[in-house]
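Quick notes on the structure that follows.
Counting starts at 1 for both ligands and their atoms, following the listed order. Here, residue 1 is the first one in the sequence, and each next residue gets the next number.
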Amino acid sequence: MAVTNAQSGTNVHEIADGIYRINTPVEFPGGAGGFSFNQYLVVDDEPLLFHTGPRRMFPLVQEAVASVMPVARLRHISFSHVESDECGSLNEWLAAAPQSAPLCGQIAAMVSIGDLADRAPRALADGERLALGRHSVRWLDAPHLPHAWECGFLMEEQTSTLLCGDLFTQPGNGLPPVTESDILGPSEAFRHAMDYYSHTKNGRALLEKLASANPATLACMHGSAWRGDGAKLLHALADALSA
Ligand SMILES: [Fe+2]
Ligand SMILES: [Fe+2]
């Protein structure tokens, strides 16, 4: 693991072949505890960044990407849904990488990104595949899971990595880049404390769709990435949501 900014503690770690987790730890004010923001960089002929990081964190994330490859090579700036940590610095990335465009689902493109972004988005339909080179990603719509109508995820098929956004949010910072131990427990405790999941009735069906992709790595946006039987853990999440 390489620390790319000594002051913030921003660090980079390759979690699967050609997929880098960029992690920045933060402390909530007033001793409310730690948290962390992750972005994932897929290095290939058409490099892809999943999550931009919050707008004010752009210099840190840019510095971290630059430690792996030239920022100007980025082609796809992708994200799960429209919130500042997912896509707050989208336009900064579009400016830094002149060949890049936003990559998102059709609802995000129609409702927000067609207007918010400085360049037109490439919108993927549910199940649509995009080749990046050695890697390829498939967009999976997941409306309202865990939140936002436009929500969806990318499945990277070469490494069986599900870029799973906020599904398994773990509080705290300084967690290992990748873990094989329990992440559902901490994520469930945080969900009960914060209520950031929508109350959609379609959670189980959507989680079964994600599980059918059989991920071996779950690339979480907050906390550690997780390695193991992804389908089993997604089913366990469905059970926890319906309990
Ligand atoms: Fe979110
Ligand atoms: Fe998030």
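The cationic atom of Arg21 (NZ for Lys, CZ for Arg) does not lie both less than 6.0 Å from the six-membered ring centre of Tyr40 and within 45° of the ring axis.
A donor-acceptor pair shorter than 3.5 Å can be found between the side chains of Ser89 and Thr52.
Classification of the Phe37-His222 ring pair by plane angle, with boundaries at 30° and 60°, yields perpendicular.
Taking a cutoff of 4.0 Å between a charged side-chain nitrogen and a carboxylate oxygen, Arg129 and Glu157 qualify as a salt bridge. A salt bridge links Lys209 to Asp126: one of the charged nitrogens lies within less than 4.0 Å of a carboxylate oxygen. At a threshold of 4.0 Å, the pair Asp44-Arg75 does not count as salt-bridged, since none of the basic side-chain nitrogens sits closer than that to a carboxylate oxygen.
Of all the N, O or S atoms in His222, the one closest to the Fe ion (ligand 2) is NE2.
Annotation: protein N, O or S atoms under 2.8 Å of the Fe ion (ligand 1) (waters excluded) comprise His81 NE2, Glu83 OE1, His147 NE2, Asp166 OD2.
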